[in-house]
Amino acid sequence: MRTVLITGGAKRLGRALVEHFDRQGWRVLFTCRTSFEEGIALADSLGKDVHCARSAVSTQSSAAAVAKWVRTHTDRLDLIVCNASTFKRAGIAETTPDDFADMLGSNLLGPFFLVQQCVELLKQTNGCVVNVADAQALGGVEKFTAYIAAKAALISITKSMAVELAPHIRVNAVLPGSLPWPETGDAYPPEVRENIVANIPMGEVGRWCDVVHTVAYLESARYVTGACTTVDGGRAALF
């Protein structure tokens, strides 16, 4: 049975990815951190081939623990989707060292070390990795400097990993634009949302399925590696 490992799989885009690959008949292993109860409920609702683990996946040690957990469920791994992310709206003056470290950990170090720890499993299947970056990392965004820096670095290591791990492992990235707004928090007040939509050529925010379909394409495209594909309604074309 083909197996996918998805980080940050309990909610939002991660949940959509978990549900998609389950529908396709894959074994789905996913992690979550703060939404563990939701993750367990999701896994239970989908059946015996879907499993959830609580982990932040932001250090080498946590990545090693996840890789060990994967091996308790399967001896093959076909795809890793590095989706887990933290972000915080904060100006330069308000960003603390802990804030910056947290965003680097989840958005950059976690993906790097998870791939590092799973290289041998991926080689056995000629597997692939899809990193979830951010289309806005192609430009500059005020109040999100640390987050954008981490995502821009993720784009960079995607390309370097693609070169180093070819031809046995493909590594690509998907760069979503604006997606359904967070259900809680005030990072996107109404006036900010209106301004964002006004600057999207397609005139609307994206749907989870728009990104999921791109991940599925990158998984299946045997001659594509090192690609960083925007799914943003054309917004990056304005940068």
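Keep in mind that what you see is a predicted model, and the values were worked out from it rather than measured.
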**OP:** Tell me, please, which residues at least two apart from His73 pass ring-ring contact (aromatic ring centres under 6.0 Å, His included).
**Re:** His51, Trp69

**OP:** Report the C-alpha separation of Val224 and Thr229 in whole Å, then their side-chain angles, then the decisive distance to 0.1 Å, and conclude whether the side chain to side chain contact (heavy atoms under 4.5 Å, CB included) test is met.
**Re:** CA-CA 11 Å; Val224 176; Thr229 305; over 6 Å; no

Original post:
Is it the case that more than 12 heavy atoms not belonging to Ile92 sit under 6.0 Å from its CD1 atom?
Top reply: no

**OP:** Check Ala53 against Phe36 and note the closest heavy-atom contact, atom names and distance.
**Re:** C-CE1, 3.9 Å

Subject >> Taking every non-hydrogen atom, the tightest pair across Val205 and Pro180 >> reply: CG2-N, 4.5 Å

Original post:
Once you round to the nearest 0.5 Å, how far does OG of Ser58 lie from CE of Met103?
Top reply: 13.0 Å

Original post:
Are the side chains of Arg170 and Leu218 in touch, meaning some heavy atoms are under 4.5 Å apart?
Top reply: no

Original post:
Could you state the interatomic distance from CZ (Phe113) to CG (Leu108), rounded to the nearest 0.5 Å?
Top reply: 9.0 Å

Original post:
Would you say Phe100 and Phe144 are hydrophobically clustered, going by side-chain heavy atoms of ILVMFWY under 4.5 Å?
Top reply: no

Subject >> Hydrophobic cluster membership, Tyr147 vs Leu109, 4.5 Å side-chain cutoff >> reply: no

Original post:
Going from CD1 on Ile40 to OG on Ser45, what distance comes out if it is rounded to the nearest 0.5 angstrom?
Top reply: 11.0 Å

Subject >> Donor-acceptor pair between Ser85 and Asn107 side chains, under 3.5 angstrom >> reply: yes

**OP:** Output, in order, the C-alpha distance, side-chain angles, deciding distance and verdict of side chain to side chain contact (heavy atoms under 4.5 Å, CB included) for Asp78 and Trp26.
**Re:** CA-CA 10 Å; Asp78 300 88; Trp26 289 51; 4.0 Å; yes

Subject >> Any donor-acceptor pair under 3.5 Å from Thr214 side chain to Asp210 backbone >> reply: yes

**OP:** State whether the side chain of His20 and the backbone N or O of Ala16 hold a donor-acceptor pair below 3.5 Å, judged by distance alone.
**Re:** no

**OP:** Examine distances only and state if a side-chain atom of Lys151 and a backbone atom of Val132 form a donor-acceptor pair shorter than 3.5 Å.
**Re:** yes

Original post:
If Ile, Leu, Val, Met, Phe, Trp and Tyr residues are connected whenever their side-chain heavy atoms lie under 4.5 Å apart, and connections chain through other members, are Leu79 and Leu77 in the same group?
Top reply: no

Subject >> Expected output: side-chain Thr74 to main-chain Arg71 donor-acceptor under 3.5 Å >> reply: no

Original post:
Is there a chain of hydrophobic side chains (I, L, V, M, F, W, Y, each step under 4.5 Å between heavy atoms) that links Ile157 to Leu122?
Top reply: yes

Subject >> Least distance between heavy atoms, Leu42 atom then Ala10 atom >> reply: CD2-O, 4.3 Å

**OP:** Run the numbers on Ile80 and Cys118 for side chain to side chain contact (heavy atoms under 4.5 Å, CB included), then give the verdict.
**Re:** CA-CA 9 Å; Ile80 298 176; Cys118 294; 3.7 Å; yes

**OP:** Would you check if the side chain of Asn199 reaches a backbone N or O of Asn195 as a donor-acceptor pair within less than 3.5 Å?
**Re:** yes

Original post:
Arg76 and Thr3: side-chain donor and acceptor closer than 3.5 Å?
Top reply: no

Original post:
Would a 4.5 Å heavy-atom cut-off, applied to side chains only, mark Ser106 and Val57 as touching?
Top reply: no

Original post:
Would Glu164 and Lys159 pass as an ion pair if we require N to O under 4.0 Å?
Top reply: no

Original post:
So, for Thr7 and Asn83, which heavy atoms are closest and what is the spacing to 0.1 Å?
Top reply: OG1-N, 2.9 Å

**OP:** Would you please name every residue forming a side-chain hydrogen bond (donor to acceptor under 3.5 Å, both in side chains) with Asn172, sequence neighbours left out?
**Re:** none

Original post:
Of all heavy-atom pairs between Thr158 and Ala227, which one has the smallest distance, and what is that distance?
Top reply: CG2-O, 4.5 Å

Original post:
Does Val231 reach the side chain of Val174, with side-chain heavy atoms less than 4.5 Å apart?
Top reply: yes

Original post:
Would you say the side-chain atoms of Asp232 pair up with the backbone N or O of Gly234, donor to acceptor, closer than 3.5 Å?
Top reply: yes

Subject >> Any side-chain heavy-atom pair of Arg235 and Ser178 under 4.5 Å >> reply: yes

**OP:** Could you check Leu138 against Thr230 for side chain to side chain contact (heavy atoms under 4.5 Å, CB included), going step by step and ending with a plain yes or no?
**Re:** CA-CA 10 Å; Leu138 300 174; Thr230 56; 3.8 Å; yes

Subject >> Sub-4.5 Å side-chain heavy-atom contact between Gln117 and Val66 >> reply: no

**OP:** Test Glu94 against Arg89 for salt bridge (Lys or Arg N to Asp or Glu O under 4.0 Å), laying out the working first.
**Re:** CA-CA 9 Å; Glu94 294 79 36; Arg89 181 181 177 87; over 6 Å; no

**OP:** From the options Val50, Val4, Leu5, select the one residue that forms a side chain to side chain contact (heavy atoms under 4.5 Å, CB included) with Phe30.
**Re:** Val50

**OP:** Check whether Leu175 and Val130 end up in the same hydrophobic cluster, where Ile, Leu, Val, Met, Phe, Trp and Tyr are linked by side-chain heavy atoms less than 4.5 Å apart.
**Re:** no

Subject >> Pairwise salt bridge (Lys or Arg N to Asp or Glu O under 4.0 Å) hits with a residue in residues 33-49, at least two apart >> reply: Arg33-Asp102

**OP:** Identify the two heavy atoms, one from Glu219 and one from Arg2, that lie closest to each other, and give their separation to 0.1 Å.
**Re:** OE2-NH2, 2.5 Å

